[in-house]
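Read through the structure below, which is laid out as structure tokens, and then see the notes.
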Amino acid sequence: MVGDGWRPAGTSLRAAQEDAGVPPGVWKGRGLAAVGLAAGDVVTERQAELLLGEGRHPDADRIERALLAEGKTPAQARRATVLGRPIEHNQSPETEDAKERTAWLGMDLVFRAPPTVHIAWALMDDETRLVLELCQDIARDKTLAWLEDAVAEIRWKSGGKNRARVRDGLIVAVFRHYESRATDSRPLLHDHAVVSIRARRPDGTWGNQTADALMKHIVAADALYTLLFMEEVSARLGWAWEPREVTPGRRPVMEIDGIDQRLIGWQSTRRQQITDALPLLTAKYEDRQGHPPGERAAYALACQAADQTRSPKRTELRSLSELRDAWRESAARAYGADVVARLAERARAAAAAIWARVRPVVDVALAAAETIAVVYVMRGAFAHRHLLAEARRHLSYALRGRPHQRGLDEQIVQTAIDAYTRPVGRGRMMTADLRALYPHDTEDQAVLRALTRKRSATPYERARLAAAVLTARVHAARRADRLNSRTRPHTVAVPTSLKSRLGRRAGRDLEPTTDVAAVELTSRTLEAAAAEMAEMAARLQAGVQERAAGRRLAPKSAAAPPPSAQQPVQPAPGRTTPTGGVA
């Protein structure tokens with residue numbers, strides 16, 4: 001509640017927050033009305049103590065006084081302020097394994113933008129700083145709203161076998177921090193959203209949320225927050241975004257284009273500390289286990305390195321204005337004052353170049369094919385939430401900050417499920433249906449299997465290769481249909497605000513493309529697609545030559561028949577009668 005600063009004994013919470021340079025926490029969520037609070041109210045120390053520390057009503061003191069005045073006993077008055085089961089139940093001798101159970105009253109969700117956002121927020125003018133903080137507020141609140149509308153569940157009865165959507169919504173306390181835990185303070189604009197586990201059931205009684213529901217959808221929530229934040233920044237500041245590969249072979253990160261990449265190293269000193277500590281931990285693991293760490297073990301080692309290199313909280317209290325002055329001086333001293341002064345100018349110029357070459361159009365069919373390929377290679381068996389997270393990442397890559405239609409991510413997921421998946425097991429898991437992906441092309445199935453089993457590449461590299469092969473296959477099928485003059489309708493979703501920018505082109509049959517797929521195609525994928533195109537062209541050319549030879553050998557008629565005796569008009573060679581297609 002006071003950031004990374006110290007709170008001296010006897011100092012009020014508000015005074016400690018002012019000294020530490022962090023704003024007071026605020027309440028968020030639709031569930032606030034049930035406890036007499038409103039969104040935007042300041043989180044007081046006593047309210048946090050009661051709700052997040054004891055699982056009681058945030059205004060429990062007033063309620064207790066009123067009940068005692070009515071003649072209730074202290075125990076009755078206290079029990080009336082408890083939301084759900086008292087935390088004392090966990091220490092009751094009647095509770096099974098009482099000594100091993102600890103009351104769980106909240107979950108901390110951290111909303112943090114990409115590194116270039118922290119650089120722009122720390123080094124640019126105050127107006128830009130306030131706009132970026134507003135974008136953070138909007139993206140965070142919309143993501144929390146999605147969590148409480150589509151994800152949050154509450155349980156009751158033995159083992160939580162009964163589950164339903166929370167009645168009112170979530171109760172969240174949001175605290176904003178400005179800097180990282182690096183030894184030398186670095187800018188890190190991020191919010192801690194502490195979600196209370198207490199919520200109301202459909203019948204109005206209080207209980208605990210199912211923590212696993214929120215945990216399982218964390219990645220999808222992260223992708224939604226990034227997508228919404230990018231759209232807000234692009235709409236308000238006119239900047240554009242580009243994918244940046246942080247670790248070779250891993251998923252790229254969307255960053256503001258035009259920000260000097262050297263400043264990312266200046267800002268991410270905490271990451272460098274973890275990177276420097278990893279080799280020693282990895283070597284110890286190999287000596288102990290006899291083999292290099294896998295994906296899960298590598299993640300565990302990275303967490304261990306983060307814990308070992310975590311520095312203690314600073315004791316020097318500095319306001320945000322003092323921090324920003326120090327950050328600007330440090331960046332100018334390291335890379336020159338010109339680099340710091342021209343950040344906004346270069347970001348606008350880079351955005352103009354991106355909007356000149358990137359079409360902000362999303363092809364739902366291609367997006368579904370790419371989504372299913374990536375998720376299938378990365379996971380094998382997957383659920384709806386995995387497809388949703390990847391669909392939102394696809395929108396981030398394709399639109400680069402332009403707005404998307406509401407529900408477009410779900411539309412991509414539903415298209416992928418309907419066209420390319422089959423159920424697995426008895427649960428809600430599914431996997432890719434290769435027969436649906438390649439109904440007749442056994443050779444293409446062999447190509448996809450070879451790509452997915454290329455063990456020398458990282459899972460994400462194999463996923464991108466498979467997605468590129470599949471999207472090339474869809475493009476080839478569409479080109480073949482156009483050559484044969486057969487209509488093949490496919491859904492193209494364009495944001496309403498962008499339709500006017502397309503102008504007269506909106507009436508033509510435009511084939512949307514995905515820029516990132518083109519950027520990430522490897523030489524092997526290009527060769528496979530080129531071979532397929534060459535084979536198709538050879539077949540078409542052979543057909544044209546065969547028909548031309550047939551026309552030369554056919555006998556010529558002596559005279560044309562009268563109009564009334566003419567035969568029905570036949571399609572031209574190489575063309576078929578237009579028929580309906582399947583989207």
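Along the sequence shown, the residues carry numbers beginning at 1. Bear in mind that the values here come from a model prediction, so they are computed numbers and not experimental data.
- One N or O on the side chain of His118 and one on the backbone of Ala113 form a donor-acceptor pair closer than 3.5 Å.
- To the nearest 0.5 Å, the span separating CD on Gln136 from CD on Glu232 amounts to 11.5 Å.
- Heavy atoms from other residues, nucleotides or ligands lying under 6.0 Å from CZ of Arg288 number more than 12.
- Judged by distance alone, with hydrogens and angles left aside, the side-chain atoms of Ser234 form no donor-acceptor pair with the main-chain N or O of Ala240 at under 3.5 Å.
- Between Arg385 and Asp222 there is no salt bridge, since no side-chain N of the basic residue sits under 4.0 Å from a carboxylate O of the acidic one.
- A salt bridge is defined here as a Lys NZ or Arg NE, NH1 or NH2 lying under 4.0 Å from an Asp or Glu carboxylate O, and Arg464 with Glu461 fails to meet this definition.
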Stepwise side chain to side chain contact (heavy atoms under 4.5 Å, CB included) test for Glu242 and Ile354: CA-CA 9 Å; Glu242 279 284 296; Ile354 289 179; 3.5 Å; yes
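- Atom CZ of Arg112 has 12 or fewer heavy atoms from other residues, nucleotides or ligands within 6.0 Å.
- Expressed to the nearest 0.5 Å, how far CD1 of Ile372 lies from CG of Asp433 amounts to 9.5 Å.
- Counted by atom type alone, Trp241 and Ser396 present zero donor-acceptor pairs between their side chains at under 3.5 Å.
- Using a 30° and 60° split on the angle between ring planes, Trp327 and Trp121 fall in the tilted class, from 30° to 60°.
- For the atom pair Glu255 CD and Met230 CE, the distance stands at 10.0 Å (nearest 0.5 Å).
- A salt bridge does not link Glu245 to Arg250: none of the charged nitrogens lies less than 4.0 Å from a carboxylate oxygen.
- In this structure, the ring-ring contact (aromatic ring centres under 6.0 Å, His included) partners of Tyr285, at least two apart in sequence or on a different chain, are His291.
- The side-chain heavy atoms of Ile412 and Val362, taken from C-beta on, include a pair separated by under 4.5 Å.
- With rounding to the nearest 0.5 Å, the separation of CG in Asp212 from CZ in Arg163 is 4.5 Å.
- Between the CG atom in Leu280 and the CG atom in Leu301 there is a gap of 10.5 Å [rounded to 0.5 Å].
- Taking a cutoff of 4.0 Å between a charged side-chain nitrogen and a carboxylate oxygen, Glu390 and Arg251 qualify as a salt bridge.
- Between the side chain of Asp191 and the backbone N or O of Ala193 there is no donor-acceptor pair closer than 3.5 Å.
- Counting only distance, with no hydrogens or angles, the side chain of Arg324 and the backbone of Met124 share a donor-acceptor pair below 3.5 Å.
- A salt bridge links Arg176 with Asp137: the closest approach of a Lys/Arg side-chain nitrogen to an acidic carboxylate oxygen falls below 4.0 angstrom.
- Without hydrogens or angle criteria, Arg400 side chain to Pro360 main chain gives no donor-acceptor distance under 3.5 Å.
- Side chain of Glu153 to main chain of Thr210: no donor-acceptor pair is present (N/O by atom type, distance under 3.5 Å, no hydrogens or angles).
- Ring geometry, Tyr225 versus Phe229: the interplanar angle falls from 30° to 60°, so the pair is classed tilted.
- No side-chain donor-acceptor contact under 3.5 Å links Ser330 to the backbone of Ala326.
- Checked against ring-ring contact (aromatic ring centres under 6.0 Å, His included), Trp146 has no partners two or more places apart in sequence or in another chain.
- A distance of 12.0 Å separates CH2 in Trp239 from CG in Asp257, rounded to the nearest 0.5 Å.
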